[in-house]
Amino acid sequence: MSSTLFDRAKQIIPGGVNSPVRFYEPYPFFASYGKGSKIITKDHDTLIDYCLGYGAVILGHAFLDVINAVRTQLDKGNIFCVPTENEVRLVELIIELIPNIEMVRLMNTGSEATMHSIRLARAYTGKKKIVKFDGCYHGAYDYVMVNPGSSASTSAYDGNLVESMKQTLLVPYNDINALEKLVKQNKDIACIIIEPVLANMGLIIPEDEYLNKLRRLTEREGIILIFDEVVTGFRLSLGGASEYFGVMPDIMTLAKSIGNGFPLSAIAGKKDIIELLSPKGTVFQGSTYAGNPISVTAGIATLEKLKEVKNDLYPKLSRFSDTLSNGIKDHIRDLKLNARVNNISSMFQLFFTGGQIKNASNVRQSNQVLYKRLFDELLKSGIFIPPSQFETCFISYSHDDDDIDRTIEAFANGLTKVKNSE
Ligand SMILES: Cc1ncc(COP(=O)(O)O)c(C=O)c1O
C-alpha cells in the first residue's frame, strides 16, 4: 500500500514527499493514523514512534486534552485575523513558564521565527553579519543555509542568493576559542544563533560552561544571542534549554512542542528587543495564520497539560532516555561495535563511530551506511527512528515501560544484524 501510494505521489509531488527529510530508500511508509506513542501505517504495521514529528509531539499522537480543545474551537471558527483572547492567554502562559521572558510574538513555523529573530537582531544592533554553527539547522532560507544540519546537510542550494549567504559566518560547535577568534576579526556581527542542544546533526550536547562562555562573550561584544529552541523549548525542561542550563539568551525561538505539533511558533525575549516588531516598531513581520485560533488553542491545551504534569513528565522522559541509552550501550559493548550513544532529557541518538561526537565533523565521519541498515532493521521490528543519522530520536509522555523494553530488544536484534553485516 505505501509503495503504491509512493508511486502515485512521486508523479505529482517533488520526490514524492512534502519535506525532503521524509524520503528514504526505497520509499517511505505512509501513515494511516497515530495514537499515543504509535503510528499505524497504511501497510497495517504498528510502529513505536521515536521521530514524533521531528520532536514536535511531546505529549503523544492525538493526545486527548489537546484534540478535545481543538475540536471545541473548530465549531467556533478557525480564522478571523483579528485579535482573540486566547492569544493573550497563550502568551501569558509562555511568559509564566519560561523564566525572564517579557514579550512574545506568535508565528507559525520555526523557519519564520528564526528568520524574524535575525532581522530583529540586525535592527537592534545596526549590524549586518550573523554567526551560525556548523551543523545547526534554523530553517529553509538563504542566510541560515550555510552548513545546515538535517536533510539540508545533504542537499544542493541552487537558487539561494550567494550574496546573502556571505553575510553568515560559520564556526564549529563546542569550540569557544574558534568563536572568540572569529568575533575578534569581525566588528559587524549582529547576532549569534545557536541550537543550545544541537538536534539536527544527530544529537550533540554542549560541553560544560560552553553556553555560559557564549553568553559572556556576546554580552561583552554587544552581540545579540539567539537560542533557537524550536526543538528544545518545552522539551528539555518546561522552561526549555535556557532554564535547563541556566543561561538566558536575548531572543529565543519556540515551535514544535509548544502546540504538541500543531503549526505554532514564537519569538520570545526582553521587551526592548521584541517590541521592535511592527506595528509598534520598525521591523516588519506579519502572517495571515499567525495566532490562528486552532494553533493557539492547541498551544494553550499543550502548555496547560505540560504545566500540570511537569513533575511526572520531565523525570519520566529522562528516565526513559537513560534506560534506553544504557540498554543500547550494553548491546554495543557486548557486540564490540564501534558505536556510541548521546542522550539528554527526552532525546537520544546512536552514532557508528569509535570517536567522540562533539561537533558536526565528528558526525559526518560516523558510518551512515550502518545507521541506515539499523534503521531498516528497527523498522522491520516495529520501531521508527528518524531515517537519517543527521536527526535525533525523541520520547513522548505517551511512551511507556513496555515500549522502552521492546525498543531495547529491537536494538539488540538490529545491532546484531548490523554487526553480522560488517
Ligand atoms: C532547531 C530548528 N530550528 C528551526 C527549524 C525550522 O522549523 P520549521 O520546519 O517549522 O520551519 C527546525 C526544524 O526542524 C529546527 O529543528
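Remember, predicted model here, so these are calculated numbers, not experimental data.
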_pair Phe384-Ile39: side-chain heavy atoms closer than 4.5 Å_ = yes
*Is it the case that Tyr50 and Thr407 place a side-chain donor and acceptor less than 3.5 Å from each other?*
yes
*Do Ser346 and Arg235 meet the criterion of a side-chain donor-acceptor pair at a distance under 3.5 Å?*
yes
*Going by atom types only, do Tyr173 and Glu207 share a side-chain donor-acceptor pair under 3.5 Å?*
no
_Residue pair Phe133 / Leu170: nearest heavy atoms and the distance that separates them_ = C-CD1, 4.0 Å
_Polar contact flag, side-chain donor to acceptor under 3.5 angstrom, Tyr141-Asn160_ = no
*So, Glu377 and Lys380, do they make that salt bridge, N to O below 4.0 Å?*
yes
Show me the donor-acceptor pairs, under 3.5 Å and distance only, between side chains in residues 23-36 and residues at least two apart or in other chains.
| residue | atom | partner | partner atom | Å |
| --- | --- | --- | --- | --- |
| Tyr24 | OH | Phe29 | N | 3.1 |
| Lys35 | NZ | Ala62 | O | 3.0 |

*Hey, is Lys329 close enough to Asp322 for a salt bridge, meaning N to O under 4.0 Å?*
no
*asked:* Taking Arg319 first and then Asp401, would you say they form a salt bridge - that is, a charged N and a carboxylate O separated by under 4.0 Å?
replied: yes
*So which heavy atom on Phe394 is nearest to which on Leu52, and how close?*
O-CD1, 3.3 Å
_Test of understanding: with salt bridge (Lys or Arg N to Asp or Glu O under 4.0 Å), list the residues that count as partners of Lys10, not counting sequence neighbours._
Asp7
*Tell me yes or no: between the side chains of Asn108 and Ser287, is some donor less than 3.5 Å from an acceptor?*
yes
_Carboxylate-amine/guanidinium proximity below 4.0 Å for Lys307 and Glu304_ = no
_Between Ser237 and Glu243: side-chain donor-acceptor atoms closer than 3.5 Å_ = yes
_NZ/NE/NH1/NH2 to OD/OE distance under 4.0 Å, Asp75 and Arg71_ = no
_Any donor-acceptor N or O pair under 3.5 Å, side chains Tyr54, Asn200_ = no
*asked:* Check Lys38 with Asp403, please: is the shortest side-chain N to carboxylate O separation under 4.0 Å?
replied: yes
*In terms of side-chain heavy atoms, does Gln285 have a donor or acceptor partner in Arg119 at a distance below 3.5 Å?*
no
*asked:* Is it true that Asp134 and Asn147 share a donor-acceptor pair across their side chains at a distance under 3.5 Å?
replied: yes
*asked:* Is a donor from one side chain sitting under 3.5 angstrom from an acceptor on the other, for Ser295 and Tyr289?
replied: no
_Polar side chain donor-acceptor pair, Arg215 to Asn212, under 3.5 angstrom_ = no
*Side-chain donor-acceptor pair present, Ser388, Glu391, cut-off under 3.5 Å*: no
*asked:* Both conditions, 6.0 Å and 45 degrees, for the charged tip of Lys305 above the ring of Phe63: are they met here?
replied: no
_Arg373 and Ser421: side chain donor to acceptor below 3.5 Å_ = yes
*With sequence neighbours left out, what residues match Asp330 under side-chain contact (heavy atoms from CB on, under 4.5 Å)?*
Arg333
